[in-house]
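Data first, discussion second: the structure below is written as structure tokens.
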Amino acid sequence: METVIEKIGASAGKEATLTGWVYNKRSSGKVRFVILRDGTGVIQCVFLKGQVPDAAFELADSVTQESSVAVTGLVREEKRAPGGFELTATDLKLISLAEPYPITLKEHGVEFLMEHRHLWLRSARQHAVLRIRSEIIKAMRDYLDDNDFVLGDTPILTPAAGEGTTTLFPVDYYGEQVYLAQTGQLYNEAIAASVRKTYCFGPTFRAEKSKTRRHLMEFWMLEPEVAFLDLSGDMALAEELVAYAVQRVLAKRKPELATLERDTTKLEAVKAPFPRISYLDAVKLLQDKGKEIKPGDDFGGDEETVLGEAFDRPVMIHHYPAAIKAFYMKRDPQDTSLALCFDMIASEGYGEIVGGSQREDELAELEKRIIENKLPPEAYRWYVDVRRYGSFPHSGFGLGLERTVAWVCGLKHIRETIPFPRMLEKVYP
RNA sequence: UCCAGCGUAGCUCAACCGGUAGAGCAUCCGGCUGUUAACCGGAGGGUCACAGGUUCGAGUCCUGUCGCUGGAGCCA
């Protein structure tokens with residue numbers, strides 16, 4: 001079986017051949033060190049003059065950063081080594097010599113790194129983020145799959161807006177104008193009537209001219225939708241899902257969190273139940289903290305930061321004014337000015353990561369709402385049909401993957417949470 | 001779209017009141033038998049974003065353009 005650095009301990013005391021890339025090298029006369037990176041970890045390979053072929057000793061000096069190589073040697077426990085193991089090399093073979101590598105081990109600016117994003121991904125921090133992102137996705141899908149959800153998946157090319165009309169990317173579809181999806185939710189509602197509990201997970205697109213650390217033009221969203229579930233049950237599902245994913249990362253990705261210097265005590269607190277406060281209580285909380293806000297206002301980035309920092313775990317704010325929320329949300333029967341919805345604000349000031357609601361399930365009410373919002377009724381005919389034929393109470397939410405990854409990793413900018421971020425007017429590489 | 005800040009060597013940054021363009025890293029040459037972003041000595045490397053203006057003299061001051069970064073609004 002192939003030997004990789006992540007599992008090098010199994011080869012202790014034995015000879016092994018490792019393939020990878022030269023991360024760094026150092027030399028001290030008759031001793032040369034090649035630090036090898038193989039995609040699973042990093043290990044130092046020691047070359048002693050006279051104990052390796054002259055060609056290999058020479059190559060250990062002339063090989064360039066990020067050249068691909070194969071190193072053979074004796075795996076040895078070494079207390080001084082960061083990973084606990086070292087390779088006493090017996091041979092070094094060049095696979096491909098790298099041209100002078102633009103990204104050094106020193107500091108670089110954001111503009112330069114983004115221009116070289118395809119290479120930046122090889123660095124230790126980006127490698128750690130990629131693995132944690134993958135773990136979060138797997139954890140959340142495991143949670144849903146293990147709880148009887150059926151992966152439905154929804155179209156990316158859609159004939160009409162999901163929520164508004166100003167934020168869509170238009171696409172030419174054989175002469176007809178269609179749009180890249182900004183949500184799969186409406187389709188999810190139709191799928192839920194088939195399988196009861198469904199979810200979709202895929203890229204979504206917003207053409208807003210947003211230029212902040214929390215925004216991408218293309219981001220991945222996980223959207224569960226459940227038949228016969230009310231708002232309270234929806235919030236319970238969201239907190240269970242998020243808590244499960246965070247605890248999984250803590251259990252399985254400790255080394256990567258350490259690479260990112262993430263304070264894991266903050267993550268350990270992320271267990272259900274999460275605090276739930278009403279919109280009006282949130283407004284009062286903000287006013288007590290000196291924010292100028294009045295009932296009816298939506299929360300901006302500042303307000304979200306204050307709310308997120310007020311608790312040791314994510315907080316769920318529910319019953320927002322219907323006027324500032326989407327047309328498909330069900331109104332609170334006790335007070336029809338309020339929507340049966342919630343937002344989950346991550347702790348530590350990372351902002352909104354989940355937005356959900358109980359959906360409007362009364363046919364007449366939904367038709368009225370579509371007219372009020374000046375949406376084209378013809379485009380929503382199929383959506384209204386879901387109410388026409390055996391309507392049912394149902395709820396769901398959308399979880400922004402990249403914001404969740406940023407929060408779990410403790411990253412200050414969302415651009416590092418996806419391999420190739422699509423930023424405002426930036427699509428290279 | 002609006003507001004603010006920044007564009008100097010391959011990279012990260014200096015250059016005081018307007019007076020000859022600098023350092024570290026990277027690259028190349030040399031040294032060192034245990035280095036940990038190794039270290040030590042040497043060399044090469046510049047249209048100071050671009051265009052105009054003020055001035056005896058502009059990297060520095062003014063105007064415009066372009067680019068980048070952060071924020072607002074909107075949202076996940």
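The figures that follow rest on heavy atoms only: side chains count, while hydrogens, waters and symmetry mates do not. To find a chain, count down the sequence lines: A is the first, B the second, and so on, and within it residues start at 1.
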inquiry  = Considering every strand and a 4.0 Å limit on heavy-atom distances, what is the contact class for A:Ser27: base, sugar-phosphate, or nothing?
reply    = base

query = Which part of the nucleic acid, if any, lies within reach of A:Glu218 when heavy atoms closer than 4.0 Å are counted: base, sugar-phosphate only, or nothing?
reply = nothing

Pull out every protein N or O sitting under 3.5 Å from an N or O of nucleotides 67-71 of chain B, one pair per line with the distance.
| unit_1 | atom_1 | unit_2 | atom_2 | d |
| --- | --- | --- | --- | --- |
| B:C68 | O2' | A:Glu111 | OE1 | 3.1 |
| B:U69 | O4 | A:Lys211 | NZ | 3.1 |
| B:G70 | OP1 | A:His413 | NE2 | 3.1 |
| B:G70 | OP1 | A:Arg415 | NH1 | 2.5 |
| B:G70 | OP1 | A:Arg415 | NH2 | 3.0 |
| B:G71 | OP1 | A:Arg213 | NE | 2.1 |
| B:G71 | OP1 | A:Arg213 | NH2 | 2.6 |
| B:G71 | OP2 | A:Arg213 | N | 2.9 |
| B:G71 | N7 | A:Lys211 | O | 3.2 |

request  = Mind checking side-chain hydrogen bond (donor to acceptor under 3.5 Å, both in side chains) for A:Thr17 and listing every partner two or more places apart, or none if nothing turns up?
outcome  = A:Thr72

key: Salt-bridge contact A:Arg37-A:Glu66 (side-chain N to carboxylate O under 4.0 Å)   = yes

task = Between B:U33 and B:A21, how far apart are the C1' atoms? Round to whole Å, please.
result = 42 Å

task = Would you please name every residue forming a ring pair (Phe, Tyr, Trp, His ring centres under 6.0 Å) with A:His215, sequence neighbours left out?
result = none

Inter-nucleotide P distance (B:G44, B:C68), Å rounded = 35 Å

inquiry  = Between A:Lys138 and A:Asp142, does any side-chain N to carboxylate O distance fall below 4.0 Å?
reply    = yes

message = Using the C1' atom as the point on both nucleotides, what is the distance between B:G10 and B:C62, in whole Å?
response = 33 Å

inquiry  = Within the 4.5 Å heavy-atom criterion, are A:Leu241 and A:Leu222 side-chain neighbours or not?
reply    = yes

query = With a 6.0 Å cut-off on ring centres, are A:Phe299 and A:Tyr279 close enough?
reply = yes

ask   = What stems involve RNA chain B, if each pair must be Watson-Crick or G-U and both of its distances must be under 3.5 Å, with 3 or more such pairs in a row?
value = B:1-7 with B:66-72, B:10-13 with B:22-25, B:27-31 with B:39-43, B:49-53 with B:61-65

query = Which is true for A:Glu86 with a 4.0 Å heavy-atom rule: it touches a base, it touches only sugar-phosphate, or it touches nothing?
reply = base

ask   = With distance as the sole criterion, do the side chain of A:Thr167 and the base of B:C75 form a donor-acceptor contact below 3.5 Å?
value = no

query = Quick one: ring pair (Phe, Tyr, Trp, His ring centres under 6.0 Å) pairs with a partner in residues 32-87 of chain A, sequence neighbours left out?
reply = none

message = Between A:Arg125 and A:Glu416, does any side-chain N to carboxylate O distance fall below 4.0 Å?
response = yes

A:Ile353 vs A:Ser28, nearer the 5' end of RNA chain B by closest nucleotide = A:Ser28

ask   = Between B:G34, B:A76, B:U33, which one does the side chain of A:Glu78 approach most closely?
value = B:G34

key: Residues in side chain to side chain contact (heavy atoms under 4.5 Å, CB included) contact with A:Glu372, at least two apart in sequence or another chain   = A:Lys368, A:Arg369

key: Between C1' of B:C74 and CG of A:Asp298, the distance in whole Å   = 9 Å

A:Lys211: side chain to side chain contact (heavy atoms under 4.5 Å, CB included) partners, not counting sequence neighbours = A:Leu424

key: Residues which pass side chain to side chain contact (heavy atoms under 4.5 Å, CB included) with A:His319, listed by chain and number, not counting sequence neighbours   = A:Leu231, A:Asp332, A:Leu338, A:Leu340

remark   = For A:Glu58, the side chain to side chain contact (heavy atoms under 4.5 Å, CB included) test, sequence neighbours excluded, returns A:Arg32, A:Ser62

ask   = Under 3.5 Å, is there a donor-acceptor pair linking the side chains of A:Gln185 and A:Glu225?
value = no

remark   = In whole angstroms, the gap separating P of B:A72 from CD of A:Glu304 amounts to 10 Å

key: C1'-based separation of B:U55 from B:A49 [nearest Å]   = 23 Å

request  = Provide the distance between the two P atoms, one in B:U1 and one in B:G59, to the nearest whole Å.
outcome  = 33 Å

request  = For A:Phe33 and B:G34, give me the distance from atom CZ to atom P, rounded to whole Å.
outcome  = 8 Å

Length of the CZ-P vector between A:Arg32 and B:C32, whole Å = 10 Å

request  = Please state the P separation for the pair B:A51 and B:G31 - nearest whole angstrom.
outcome  = 46 Å

key: Rounded distance in Å between the P positions of B:C40 and B:U35   = 14 Å

Nucleotide B:G10, atom P - distance to CG of A:Leu105 in whole Å = 20 Å

note = The glycosidic conformation of B:C17, counting syn as within 90° of 0 and anti otherwise, is syn

Whole-Å gap separating C1' (B:U35) and CG (A:Asp61) = 14 Å

key: A:Thr154: partners by side-chain hydrogen bond (donor to acceptor under 3.5 Å, both in side chains), with sequence neighbours left out   = none

Between the protein and nucleotides 40-45 of chain B, which nitrogen or oxygen pairs come in under 3.5 angstrom?
none

query = With A:Gln44, which of A:Arg80, A:Arg26, A:Glu78, A:Lys25 fulfils side-chain contact (heavy atoms from CB on, under 4.5 Å)?
reply = A:Arg26

inquiry  = Tell me if the aromatic rings of A:Tyr187 and A:Trp382 count as close, with their centers under 6.0 Å from one another.
reply    = yes

inquiry  = Can you identify which nucleotide, out of B:U33, B:A37, B:G34, has its nearest atom closest to the A:Lys30 side chain?
reply    = B:U33

note = Whichever of A:His108 and A:Glu402 has the more 5' nearest nucleotide on RNA chain B, that residue is A:His108

message = Work out how far the P atom of B:C61 is from that of B:A14, and round it to whole angstrom.
response = 14 Å

message = Whether the side chain of A:Arg403 and the base of B:C75 hold a donor-acceptor pair under 3.5 Å is what I'd like checked.
response = yes

message = If I take atom CE in residue A:Met221 and atom P in nucleotide B:C75, what distance separates them, rounded to the nearest angstrom?
response = 13 Å

What does the list of N/O pairs under 3.5 Å between the protein and nucleotides 23-28 of chain B look like, with a distance for each?
none

